Engineer: 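Just dropping this structure here.
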Amino acid sequence: MDVKLVDRGQEGELLMSGDLDTRTARDADALFMQLTDRFDNITLNMKDLEYVSSAGLRSIRNLYIKLNQKGGKLTLTNVNENVMEVFEMTGLAGLLNIR
């Protein structure tokens with residue numbers, strides 16, 4: 001997985017590509033937690049994200065919880081059909097703000 005950060009003041013946008021899986025989830029967790037200290041709102045732009053595993057779903061859920069606890073917001077954009085199917089099957093599609 002590759003991630004590029006776009007700093008928009010109180011909001012950070014992460015441009016994600018590749019796979020968010022067991023191999024990359026630990027790094028994603030560390031990055032997400034650092035960013036929750038810096039930004040109130042975070043957008044995950046998943047335009048080039050090809051795959052999300054259960055470990056990746058946990059990372060995204062943990063990010064959502066952390067932002068929610070501090071009154072912030074997580075938004076997911078450009079979610080491809082395969083990744084969206086995983087969100088729908090796990091029930092996360094109803095919880096997350098997906099545009």
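Everything numeric here is computed off the predicted structure, so don't read it as measured data.
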Engineer: Can you tell me how far CZ of Phe32 sits from CG of Asp37, rounded to the nearest 0.5 angstrom?
Structural biologist: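 The CG atom of Asp37 sits 14.0 Å away from the CZ atom of Phe32.
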Engineer: List the steps and the verdict of side-chain contact (heavy atoms from CB on, under 4.5 Å) for Met46 and Leu76.
Structural biologist: CA-CA 7 Å; Met46 300 184 161; Leu76 281 59; 3.7 Å; yes
Engineer: If you take all heavy atoms of Asp19 and Thr24, which pair is closest and at what distance?
Structural biologist: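 Between these two residues, the closest heavy atoms are O-OG1, 3.0 Å.
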Engineer: Side-chain heavy atoms nearer than 4.5 Å, only ILVMFWY residues, links allowed to pass through others: does that put Leu44 and Val6 together?
Structural biologist: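 Different clusters: Leu44 never reaches Val6 through Ile, Leu, Val, Met, Phe, Trp or Tyr contacts under 4.5 Å.
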Engineer: Just jot down the side chain to side chain contact (heavy atoms under 4.5 Å, CB included) partners of Ser53, sequence neighbours excluded, or say none.
Structural biologist: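 Once residues adjacent in sequence are excluded, the partners of Ser53 under the side chain to side chain contact (heavy atoms under 4.5 Å, CB included) criterion are Asp21, Thr22, Tyr51, Ala55.
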Engineer: Any donor-acceptor pair under 3.5 Å linking the side chain of Lys70 with the backbone of Phe39?
Structural biologist: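 Yes.
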Engineer: Give every donor-acceptor pair under 3.5 Å between a side-chain atom in residues 83-93 and any protein atom, sequence neighbours left out.
Structural biologist:
unit_1 : atom_1 : unit_2 : atom_2 : d
Thr90  : OG1    : Val86  : O      : 3.0
Thr90  : OG1    : Phe87  : O      : 3.2

Engineer: Can you check whether Gln10's main-chain N or O pairs, donor with acceptor, with Asp40's side chain at less than 3.5 Å?
Structural biologist: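 Looks like no, no N/O pair under 3.5 Å.
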Engineer: Once rounded to the nearest 0.5 Å, what's the spacing between atom CG of Asn41 and atom CZ of Arg8?
Structural biologist: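 So the CG of Asn41 and the CZ of Arg8 are separated by 12.0 Å.
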Engineer: Does Asn80 use its side chain to pair, donor to acceptor, with the backbone of Leu49 at less than 3.5 Å?
Structural biologist: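 Side chain of Asn80 to backbone of Leu49, a donor-acceptor pair under 3.5 Å: yes, one is there.
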Engineer: Just jot down the side chain to side chain contact (heavy atoms under 4.5 Å, CB included) partners of Arg26, sequence neighbours excluded, or say none.
Structural biologist: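 Side chain to side chain contact (heavy atoms under 4.5 Å, CB included) check on Arg26 returns nothing, list empty.
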Engineer: Rounded to the nearest 0.5 Å, what separates atom OG1 in Thr43 from atom CG in Leu14?
Structural biologist: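 Reported value, rounded in 0.5 Å steps: 8.5 Å.
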Engineer: Say whether, by atom type as modelled, one donor and one acceptor occur between the side chain of Asn68 and the main chain of Tyr64 under 3.5 angstrom.
Structural biologist: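 Flag not set: sc Asn68 to bb Tyr64 has no pair under 3.5 Å.
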Engineer: Would you call Asp7 and Arg38 a salt bridge, using N to O less than 4.0 angstrom?
Structural biologist: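 A salt bridge links Asp7 with Arg38.
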Engineer: Roughly how far, to the nearest 0.5 Å, is the OG1 atom of Thr36 from the CG atom of Leu74?
Structural biologist: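 Leu74 atom CG to Thr36 atom OG1 measures 11.0 Å (nearest 0.5 Å).
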Engineer: Going through the checks in order, is the side-chain contact (heavy atoms from CB on, under 4.5 Å) test met by Leu15 and Asp2?
Structural biologist: CA-CA 8 Å; Leu15 307 174; Asp2 186 41; over 6 Å; no
Engineer: Run the side-chain contact (heavy atoms from CB on, under 4.5 Å) check on Glu11 and Ile42 step by step: do they pass?
Structural biologist: CA-CA 5 Å; Glu11 180 178 345; Ile42 295 175; over 6 Å; no
Engineer: Nearest 0.5 angstrom please: Asn45 CG to Asn78 CG, how far?
Structural biologist: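 Between Asn45 CG and Asn78 CG, I get 4.5 Å after rounding to 0.5 Å.
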Engineer: Nearest 0.5 Å please: distance from the NZ atom of Lys66 over to the CE atom of Met33.
Structural biologist: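 Spacing of NZ (Lys66) from CE (Met33) equals 6.5 Å.
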Engineer: Does the side chain of Asp29 come within less than 4.5 Å of Leu31's, by heavy atoms?
Structural biologist: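 Answer no - side chains too far apart.
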Engineer: Would you say that Glu13 contacts Leu5 through its side chain, given a criterion of any heavy-atom pair below 4.5 Å between the two side chains?
Structural biologist: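 Side chain of Glu13 against side chain of Leu5, heavy atoms only: no contact under 4.5 Å found.
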Engineer: Start with the C-alpha gap between Ile65 and Leu67, add the side-chain angles, then the distance that decides, and say whether side-chain contact (heavy atoms from CB on, under 4.5 Å) holds.
Structural biologist: CA-CA 6 Å; Ile65 290 169; Leu67 286 172; over 6 Å; no
Engineer: Do you know which two heavy atoms are closest between Ala25 and Gly56, and how far apart they sit?
Structural biologist: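 Looking at all heavy atoms of both residues, the shortest contact is CB-N, 4.2 Å.
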